[in-house]
Amino acid sequence: MAGGARLPRSFLARPSVAVAPELLGCLLVRAAPRGRLLARIVETEAYEESDPASHSYRGRTSRNEVMFGPAGCLYVYFTYGMHFCMNIVTGREGEGSAVLLRAAEPLEGLDSMARHRGTDDPRLLCSGPARLCQAFGVGRRENGLDVVRGRDVFLLAGEPAPCSPVRVTSRVGIRNGGERPWRFLLEGDPFVSGGRPARDRGVRGSRGS
DNA sequence: CGTTGGATTGGCT
DNA sequence: GCCAATCCAACGC
């Protein structure tokens, strides 16, 4: 279970909507004292600066500044008062775009992940953006890490053939999600998150124009 | 300055 | 299905 070469920065320095589906099947790795943590990415979402749902939409702040930096950095944010979520920064430097890692299939270090998560069920270890962060021990300290050159957290190319077809839906927890169907997941994979795609906010009885 | 609600999860009705 | 947990960024006054 080696995995391929590390993903080059050129792969990530493209629009998030192009990178997100291609990250499916790639391996997320974290160096750890006892062995390593490794999981295969099965669900992602793209975020762009032009997108009202993106943290970068309203410009640069101390919270989102990593999103505007070079591609290949880890953007970790804190939300709901208790959870962290991680993104891979994409696009050109100065642009605020990234891909949210939403779910992965745990492959190595399941014992450590289980300790971090407080459960043994492999399907509950990395099947959600906050679960994935918790399993990998990713928090504030990891914000800004370079996954291209770094030795702590990095990405490896996936297996030759991603067997499962890629399914595209609207993103989870986003208003008017149908406008930007930027969630990508491996169809039928048991390790995707349970998040339901966002629906468009509609006025009942209205027919739009 | 006060209020609101979120790129979530887990537990309970 | 509903809601609390629990912080903090964004926005309104």
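Only heavy atoms go into these numbers, but all of them, side chains included; no hydrogens, no water, no symmetry mates. Per chain, numbering begins at 1; letters A, B, ... match sequence-line order.
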Which value, in whole Å, describes the distance between the P atoms of nucleotides B/dG2 and C/dT6? 22 Å
Self-check item: Between C/dG1 and B/dA7 - C1' atom distance, rounded Å
Solution: 22 Å
Applying the Watson-Crick and G-U criteria (both distances under 3.5 angstrom) with [ ] for crossing and | for other-strand pairs, one obtains for DNA chain B ||||||.|||||.
Within 45 degrees of the axis of the six-membered ring of A/Phe154 and under 6.0 Å from its centre: does A/Arg6 put its NZ or CZ there?
yes
In A/Arg167, A/Arg102, A/Arg123, A/Arg40, the residue satisfying salt bridge (charged side-chain N to carboxylate O under 4.0 Å, His left out) with A/Asp189 is A/Arg40
Exercise. Is the backbone of A/Pro197 close enough, under 3.5 Å, to the side chain of A/Ser170 for a donor and an acceptor to pair up by distance?
Worked result: no
Could you check if a side-chain atom of [X] sits within less than 4.5 angstrom of a side-chain atom of [Y], using non-hydrogen atoms only?
X: A/Leu23; Y: A/Leu7; value: yes
X: A/Leu12; Y: A/Val148; value: yes
X: A/Leu28; Y: A/Val153; value: yes
X: A/Val17; Y: A/Val99; value: no

Protein-nucleotides 11-13 of chain C N/O pairs closer than 3.5 Å?
residue : atom : partner : partner atom : Å
C/dC11  : OP1  : A/Arg58 : NE           : 2.4

Answer yes when A/Asp146 and A/Arg151 have at least one side-chain N-carboxylate O distance shorter than 4.0 Å, and no when they do not. no
Are any of the side-chain nitrogens in A/Arg14 or A/Glu22 under 4.0 Å away from the carboxylate oxygens of its partner?
yes
With sugar-phosphate taken as primed atoms, P, OP1 and OP2 and all else as base, the protein-contact string of nucleotides 2-13 of chain B at under 4.0 Å (heavy atoms; B, S, -) is ----BBBSS---
Sorted by position of nearest nucleotide on DNA chain C, 5' first, the leading residue of A/Arg196 and A/Asn64 is A/Arg196
Point to revise | Ring geometry between A/His55 and A/Tyr77 (parallel below 30°, tilted from 30 to 60°, perpendicular above 60°) | key: perpendicular
Checklist entry - With sugar-phosphate meaning primed atoms plus P, OP1 and OP2, does A/Arg183 contact a base, only sugar-phosphate, or nothing at under 4.0 Å between heavy atoms? => result nothing
